[in-house]
Protein chains: 2
Amino acid sequence: MQQEPPDAPRRRATRNSLSPAVIVTAALAVLDEEGIEAFTMRALATRLEVRPMAVYTYFRSKDELFDAVRDALLGLSLSPVEGSWQDQVRAIARRVREQILQHPFLITLLLTRPLSGRETADSAEAILRVLSDAGFNRETAARAYITLLTHVLGAASWEIQMTAVYQDPDRRSQLDTLPSSRYPTLTALAPELNLTNGGSAQFEFGLDLVLEGLSHKLRADRA
Amino acid sequence: MQQEPPDAPRRRATRNSLSPAVIVTAALAVLDEEGIEAFTMRALATRLEVRPMAVYTYFRSKDELFDAVRDALLGLSLSPVEGSWQDQVRAIARRVREQILQHPFLITLLLTRPLSGRETADSAEAILRVLSDAGFNRETAARAYITLLTHVLGAASWEIQMTAVYQDPDRRSQLDTLPSSRYPTLTALAPELNLTNGGSAQFEFGLDLVLEGLSHKLRADRA
DNA sequence: ACCTGAACACCGTTCAAGT
DNA sequence: ACCTGAACACCGTTCAAGT
């Protein structure tokens, strides 16, 4: 609503105050604080205290800027973990989930903008190495990695959405208002379904399922 | 680019030609043919041969219309399936995936607009009933359903994105251009990773993993 | 009630101009 | 080179008016 503080000093931009890094940092701040739907080139320019077109010296378009923000967030430093291959995969998956939950708009960037494969290269390399070392064959390792990735993305995006819905008291737990004649099981399990919202228990549950399935596959690969 | 055929008859809208159903159908057609990013209220009005504001008699906003389109697409008629609980879950999961692939913009609506739980009630009831009948306890059944749902959403949205990327020859298979010194495993497995794009094999692989994990959980629940 | 016309308050971005 | 000013071609939507 409020566009500018009424008596802002409105100083002219100092020369060379901008750079790709400065712009990405400011964009990240706007995205974190206002959300992706409130992000506009004009809002970003206001935060940078420049006119909107100044950003276009460094990025050709809003989409290109979004790609840069996404790539900055995906450059995860994955510290090596001790333990079984399951433990190592779990650690990486948790790290990716945490990064997404910390910057919820990231899921939108991941599912909206085309990916070349370079952006997720760090976590891909880490997981694929763990799987290869564990003894998975080449195709199984590749498919397992994609499964883990899509699983984490799906779980995280659901989690973000449900916490957003959960904030809104009107929408909270609308399940029990469904007709139990048509949806007997669903209405009966409404309390348990609401339990799946919030916290990491649901994420761990799903991850365990996939890992258990992978253990089974590994035995097959080795046989 | 071309906004209107130059000599279109431009007949006045016949009285009462509109209705929520007619509008949703037209919106669906625009979304299917032009994609969600090209969907505007003005484009929809053009297809309906009315002025943009006519739609607002039936829907308060573009978002409300989007919700109606989403709900129309999620009203799946799930024919009952014979077989094991795994076969039944598989059939429902495949049906949901197919519906999303048929209308790729649906994934955006699902992950963008808040869900109350009513929209997915049909598939939720179906899966939860199968799981309950199979002997899962209440909490496991609830968590398993959410896992299956998020898994399908994640897999489908990845699939859509990868096929879109795959269309673009510039982006195709950029994995082998990565430095193999830093990403030895990733570059070595590039062919196998490219195999995961397209077709349903990757989807089935992931689904099998989850189902295998669930079989394991079921034995624990029963013990 | 249903639909239109004109307008408002936004967008991203082009283009020419300033330093 | 870096940044600005003005403008263009869009948006969704409000509001008053027509039938």
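Everything quoted here is computed from the prediction, not taken from an experiment. Every chain is numbered from 1, with letters handed out A, B, ... down the list of sequences. What's counted below: heavy atoms across the whole structure, side chains too, no hydrogens, waters or symmetry copies.
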Main chain of B:Ala188, side chain of A:Arg138: is a donor-acceptor contact present, judged purely on distance under 3.5 Å?
yes
What is the nucleic acid contact for A:Thr40, judged by heavy atoms within less than 4.0 Å: base, sugar-phosphate only, or nothing? sugar-phosphate
Residues passing the salt bridge (charged side-chain N to carboxylate O under 4.0 Å, His left out) test with A:Glu37, sequence neighbours excluded, are none
Across all chains, not counting sequence neighbours, the salt bridge (charged side-chain N to carboxylate O under 4.0 Å, His left out) partners of B:Glu34 are none
What pairs of nitrogen or oxygen atoms, one from the protein and one from nucleotides 13-15 of chain D, lie under 3.5 Å apart?
{"from": "D:dT13", "atom 1": "OP2", "to": "B:Tyr56", "atom 2": "OH", "distance (Å)": "2.8"}
{"from": "D:dT13", "atom 1": "OP2", "to": "B:Lys62", "atom 2": "N", "distance (Å)": "2.9"}

Whole-Å distance, A:Arg51 CZ to C:dG18 C1', equals 15 Å
Here the distance between atom C1' of C:dG12 and atom CZ of A:Phe39, to the nearest Å, is 12 Å
Applying salt bridge (charged side-chain N to carboxylate O under 4.0 Å, His left out) to B:Glu98 and not counting sequence neighbours gives none
Whole-Å distance, B:Ile23 CD1 to C:dC3 C1', equals 11 Å
Rounded to whole Å, CG of A:Leu48 lies from P of D:dC2 at a distance of 15 Å
For DNA chain C, the expected dot-bracket line (Watson-Crick or G-U under 3.5 Å, [ ] crossing, | inter-strand) is ||.|||||...|||||.||
Those residues at least two apart in sequence (or on a different chain) that pass side-chain hydrogen bond (donor to acceptor under 3.5 Å, both in side chains) with B:Arg42 are none
Taken to the nearest whole Å, CZ/B:Phe59 to P/C:dC3 is 13 Å
Practice prompt. Indicate whether OP1 or OP2 belonging to C:dA1 is found under 4.0 Å from a side-chain N or O atom of B:Tyr58.
Written response: no
Here the distance between atom C1' of D:dC2 and atom CG of A:Leu18, to the nearest Å, is 9 Å
Quick note, salt bridge (charged side-chain N to carboxylate O under 4.0 Å, His left out) partners involving residues 142-164 of chain B, not counting sequence neighbours, are B:Arg97-B:Glu159, B:Glu139-B:Arg143
By salt bridge (charged side-chain N to carboxylate O under 4.0 Å, His left out), B:Asp63 pairs with (sequence neighbours left out) B:Arg113
For A:Thr185 and B:Glu125 the tightest heavy-atom approach is OG1-OE2, 2.8 Å
Residues at least two apart in sequence or cross-chain that pass ring-ring contact (aromatic ring centres under 6.0 Å, His included) with B:Phe66, listed by chain then number, are B:Phe39
